[in-house]
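Here's the structure, in structure tokens; my notes come after.
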Protein chains: 4
Amino acid sequence: MKTPAFLDSIDSQLDWQRAVYKDLHRHPEVSLAEHKTAERIESELTGLGLDVKRIGCTGRVTVIENGEGPTVLARADIDALPVTEDTRLDFASEVDGVMHACGHDMHAAALLGAVRLLNENRDAWSGTYIALFQPAEENAAGAKAMIDDGLTDKVPTPDVALAQHVMPLSAGKIFTAAGPVMSAGDSVKITIFGRGAHGSMPHLSVDPVVLAASIVLRLQTIVSRETEPGEFAVVTVGASNAGSKSNIIPDRAELLLNVRTYDTAVRKRVIASIERIVRGECEAAGTPKEPTFEYFDQFPLTDNSETVNETVTEALTEFFGAGAVLEATPATASEDFSELPNAFGIPYTYWFVGSFDAEKYQAAEEAGTVITNVPANHSPFFAPVIEPTLEIATKAQVVGALSYLGG
Amino acid sequence: MKTPAFLDSIDSQLDWQRAVYKDLHRHPEVSLAEHKTAERIESELTGLGLDVKRIGCTGRVTVIENGEGPTVLARADIDALPVTEDTRLDFASEVDGVMHACGHDMHAAALLGAVRLLNENRDAWSGTYIALFQPAEENAAGAKAMIDDGLTDKVPTPDVALAQHVMPLSAGKIFTAAGPVMSAGDSVKITIFGRGAHGSMPHLSVDPVVLAASIVLRLQTIVSRETEPGEFAVVTVGASNAGSKSNIIPDRAELLLNVRTYDTAVRKRVIASIERIVRGECEAAGTPKEPTFEYFDQFPLTDNSETVNETVTEALTEFFGAGAVLEATPATASEDFSELPNAFGIPYTYWFVGSFDAEKYQAAEEAGTVITNVPANHSPFFAPVIEPTLEIATKAQVVGALSYLGG
Amino acid sequence: MKTPAFLDSIDSQLDWQRAVYKDLHRHPEVSLAEHKTAERIESELTGLGLDVKRIGCTGRVTVIENGEGPTVLARADIDALPVTEDTRLDFASEVDGVMHACGHDMHAAALLGAVRLLNENRDAWSGTYIALFQPAEENAAGAKAMIDDGLTDKVPTPDVALAQHVMPLSAGKIFTAAGPVMSAGDSVKITIFGRGAHGSMPHLSVDPVVLAASIVLRLQTIVSRETEPGEFAVVTVGASNAGSKSNIIPDRAELLLNVRTYDTAVRKRVIASIERIVRGECEAAGTPKEPTFEYFDQFPLTDNSETVNETVTEALTEFFGAGAVLEATPATASEDFSELPNAFGIPYTYWFVGSFDAEKYQAAEEAGTVITNVPANHSPFFAPVIEPTLEIATKAQVVGALSYLGG
Amino acid sequence: MKTPAFLDSIDSQLDWQRAVYKDLHRHPEVSLAEHKTAERIESELTGLGLDVKRIGCTGRVTVIENGEGPTVLARADIDALPVTEDTRLDFASEVDGVMHACGHDMHAAALLGAVRLLNENRDAWSGTYIALFQPAEENAAGAKAMIDDGLTDKVPTPDVALAQHVMPLSAGKIFTAAGPVMSAGDSVKITIFGRGAHGSMPHLSVDPVVLAASIVLRLQTIVSRETEPGEFAVVTVGASNAGSKSNIIPDRAELLLNVRTYDTAVRKRVIASIERIVRGECEAAGTPKEPTFEYFDQFPLTDNSETVNETVTEALTEFFGAGAVLEATPATASEDFSELPNAFGIPYTYWFVGSFDAEKYQAAEEAGTVITNVPANHSPFFAPVIEPTLEIATKAQVVGALSYLGG
């Protein structure tokens, strides 16, 4: 790979990138409602002289065909969250109750910057570059929407796919690893059916409050007893709700579970165990009706290809220096990015971009791990530092792409 | 006691009582909002030439002083419930979502009838008769409101207090017993405080969902292990609510409990055990903050005086015949009536009036107990038969009063 | 019934009864090993000139046919318990680890006395008297053994059956009631099968320790939620045992349960619920093998006939005086006596004989209930006072019998 | 490091090593009773002309001082297990109920062989070699016993310590890794105190069976909720025992727990959580007495020094070839070896020696992990293959030592 000297020209476009970033941050839109966001992205891309495809509701894709060579797909997600911002930034959200609390605005602004750099320096590379702006990452619906809308037919099949995410790690650093870096995530709504009765007549009821309690305690054994010690698995009952009055035994309870795993076999086993436990407990309670299971927000495992990761990490290390590219600790959070390469059947890699003040959070750098006492993603206080994050993220996208397209 | 021959004159006033009953049924009002109900009652009493005291928001009282003799207080409750009527009666509720689903309209119409009979036949008795129309029985607030508003200073101190309730038992029958006939009822809202976290990071949380589950299971042991076998005690967790999203561990959970007991010592012990268990479980969980306990809807025990019950039951039996006055099975439901005699420090008795078609529900009569497969109190289908219930209930109030005032 | 004047002659035989009592007390024998006890009883009966039938291992029966009239069966149990005596009585047990800690020696000595009185005063009554000395009450095996050995063919069919038990109530008093006076008792050994593993490899196991814990907690809901409030039901897990080393997950757990009820329908439902809960929990755990249920020590309900109880209680009251015959509180303990009348299909009554110093335990008398702070049955300190208990118990048997045979 | 050519001379001493091995295997002795074992070892060492120190009951140490250079301590454990052998080997255990089921006989025979090779080839190395034969590894008492008996004063302070263990992995291979390779293990006996009562009178008890059940379920949350997902931690309740009769509520319950961790902070937190949960649950139950905690069999973490492991692994790889030295998966089992280097304050490394037929268990080799379907350590069927295990283990000890002493 040639050293991409043209990357120095980023200085001349950073003001523009910052303006886009702040505009997106001021006007956040939740999943599948990113209409103005998509419009702004489209407008910037067409302003660069590029064609834009609308795929999957608010998804936007531009394809730069630049001669012979591999095809690289780079993806940025663009949706915001139903969180009320509390950062006191001067470009804070102007939309009540909605906030870019996960940094997707930074992802979009960085990818736009990468597109411009590559587009304006076509002589420095050859091949095809696909920049994909994906909606609705937060509810795992956006990648699916784009695939369902014919993504794989509408763009050339890439050889590799790349994506990145800002994280509460030291700004100026990039963190990457082969293998699983983001967990698979599955949510399930479980409804259990008892028999309601007046609170003073429990013998006429099948009490779903007690049944739900027993289920919640039993579910703990999936991690504590059924999972190999040291194997990553999380079973969280995020919500357990039944009844509304003290003296009425309700007739049902609703549980919302979230499962996180790094291994497909483990994931299958955990889900099977959840169903086994819930059904067994319902039989123990003598419920009049089978429980129901509704799965939603199912995020795939983000499992970096060993070879793609090695190629990209070498390029990043060469460019940024060894001290700036560190081994990532897998995150327990989830992503729907891998749906895209999986739809094409291609390998991919995904990295984290530090976005917090390095000195302020030095301990975090030393630990090389996610910091728990700084405002993390999804917090109302989440505020990546623009400098140097935006520049680093932009260059990382370019360097990653050039590790395949740079000749 | 003289046989109260004047009771035959009830025939001439039943049409009026029925009209009042149907009007109240058509226009139900929930607890402490019984404005039109109180107005109608007041208007009927003044129409009889009686003075009316307004005590406790929508409470109304009339006092008939009729020479030497004991003082008897008779109470009817007048509030309706937030239930949508589904009886298909031609005089069904005209108020959306509100219904006289507990028969308090029948209690009020019967007490008005008793007042008229006693008022128009003053030569048949001597002493003082206090007719008290109480609001807000359903939320245990009405008796308290009247006492707080100075009831005991505003009316003569009675010697005994009487009250009755229509029940899904054979119409034409009265059911009574000495000792506890309605349970004490206590509700408590318990809030437990954990520490919230992202669903994928349980180790940063103190999970209130799991804690609530453990508390619910542990509370079962109050009845199963701490209460003497055969002793009446109910601990119902009517509601257990925590969290709203699958992937967010919430920071608190809320439990609504209802406790029923027939014995003051048992009641105290059960409540102490609830607090001990919740606090112990919170310590086991390492919660960052003490749980809170807010008590509400606290109903006293309805514990019929042995002597008053004997006096009244003998009079009822003499008047209605032995086959029509039966031993009552204590009800698991609760009442705030006893707050009134307790405020005066006087004994009382309370009886049930059958209000369902005798033949249709013959099995119930034979069992002499509350029927569970007919529409019971608080059901949208609750519909006491007017004949003979209204007449029986009216006469029962008069006969009960005359057992003290009849000379 | 004629006043049984001949009962005064008891004075001349009390020394003999005391000697028998002390001898039995000194030489206690556990269930179905009452060889010397039965020998002594047989020897005393033949000494009175009576024939003795050996029925059911160590059971003994004598039948006194005395002309026309009803047939009454009176039963005494004769076995002792595996308890080490600690009473410091001068006639304390001489057998290591075995003790008459339930007073069956008193029952036997009293019944022998009653036989002698009735035998020697045949002119005072007519009919047939069957005195039955039953082994193995403590493990519910003795009545069954006698029935299995042809009891109902070997003696005349009685009209009524009578039995009594010394209790830690005021000596000199008799306590009786119609209906259930002793609970039905059922024991069950439940074995649940998991899969063993090294303690560091829980994922290879199905952990029976956790499963047993979940079952124990779930069983609490049978009383707390499935039984009508105020209905008598006890589900005790008296033993829960699994594993022997900290670092080996065992492959099974064993639970020993005891169930007490006063109502056959409740008993059936409780047992069905136990099995439902255990099976459901095993399914929730994914056990490799079905749980097993082995029932033992199954005691029937002791449910006194209303009419027999009335007849006998009237006779006892007439003889001893109203203050000496009190209403019994049903005991939570169990008895196999009722197997005998049930085998014949006849009614029965069963009463308690106070056997503790009246003044010392006055509070108990006032409460009229079982005292919990005196050495109760099965305690190593259990020591009924001989005076007046032995005399009262003897006379009670005679009076009870004469209420039918006295003409 | 020079290639240790003298290792070929092992052929001339293998018959002797095999004889020692078989003799030890035939005469296994449990922890701290290794009298004959120690005698045999001492006799072999003195036969080689070496001095032997007796340290810590049945511990034996020989020190070979051979000029300038580093000091290396090599340790073999020598105790057997209370397991009844079922291998059908012709040199199977001749001691009833005792067996070398963990391969310590192999460790001892290999270390003796290494001592002889090093002693007879002193010109091939320089420095000090300490061969330590440690008793009582199985109950974590032996290393402590030697330290308590003054080990650190009685031998020169080593620079590094080495140890090895036969494992059910492919014979002919060595498995090693930096960092934690064996978990820390802690056992604790917890006694909780309730109040006993007759099974029919639960209200007089504080039921320890129910309390133990609640504790067992609550303990599950330490791993499921309080431990970071993917962090290794095991909390096993290997035994939970309470009561012995169905109808007696016992007055206490006993739990035996085993805890495994790979990290000191995690270990401390888990143990603190156990105590917090047990105490909180006891308060929830209202126990009359505080629970007690007795810790035993506390094994330290085996946490290989990165530098020592690298040095030794390089030497082993050079000697045996890359394919024969593989990355070890950390074992969940525990060892007390590290107590020794920890007492000296020196770094160490510990490796696994494959001891099962390579072809037969090929799948295991491919997986590079512990095999679960072959007779593993502590099984009655555990039988390492002598060829080539004994030779490999001997050479590994010599090669490991020479990586420091070889010049």
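Letters go in sequence order (proteins before strands), and every chain restarts at 1.
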(message) Quick one, A:I192 with A:C282, criterion side chain to side chain contact (heavy atoms under 4.5 Å, CB included). Give me CA distance, side-chain angles, the key distance, then yes/no.
(response) CA-CA 8 Å; A:I192 53 175; A:C282 285; 3.9 Å; yes
(request) Might you work through the side chain to side chain contact (heavy atoms under 4.5 Å, CB included) test for A:V270 and A:D186, ending with a clear yes or no? (result) CA-CA 10 Å; A:V270 167; A:D186 293 86; over 6 Å; no
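Of the listed residues (A:V234, A:N241, A:D207), the greatest number of heavy-atom pairs within a distance under 4.5 Å of chain B belongs to A:N241. Each of B:S214, B:A333, B:A213, B:S187 has some count of heavy-atom pairs under 4.5 Å with chain A, and the biggest count is that of B:A213. With chain A as the partner, the residue from B:S183, B:P208, B:G199 showing the most heavy-atom pairs under 4.5 Å is B:G199. Taking B:S240, B:S246, B:A253 one by one and counting their heavy-atom pairs under 4.5 Å with chain A, the maximum is reached by B:S246. The candidate from B:V237, B:L255, B:V209 with the greatest count of non-hydrogen atom pairs under 4.5 Å with chain A is B:V209. No other option in A:L219, A:L217, A:I249 has as many heavy-atom pairs under 4.5 Å with chain B as A:L217.
Salt-bridge check for B:R276 with B:E226: passed, with a basic side-chain N closer than 4.0 Å to an acidic carboxylate O.
Under the 3.5 Å distance criterion, with hydrogens and angles disregarded, no donor-acceptor pair is assigned to the side chains of B:T302 and B:E335. B:S31 and B:D79 form a side-chain donor-acceptor contact under 3.5 Å, judged by distance and modelled atom types alone.
Using a 4.5 Å cut-off between heavy atoms, A:S244 contacts chain B through its backbone alone, with no side-chain atom that close. Contact annotation for A:Q220: only side-chain heavy atoms (C-beta onward) come within less than 4.5 Å of a heavy atom of chain B.
In this pair, A:Y295 and A:F293 present their aromatic rings parallel. The plane angle is below 30°, not in the 30 to 60° band.
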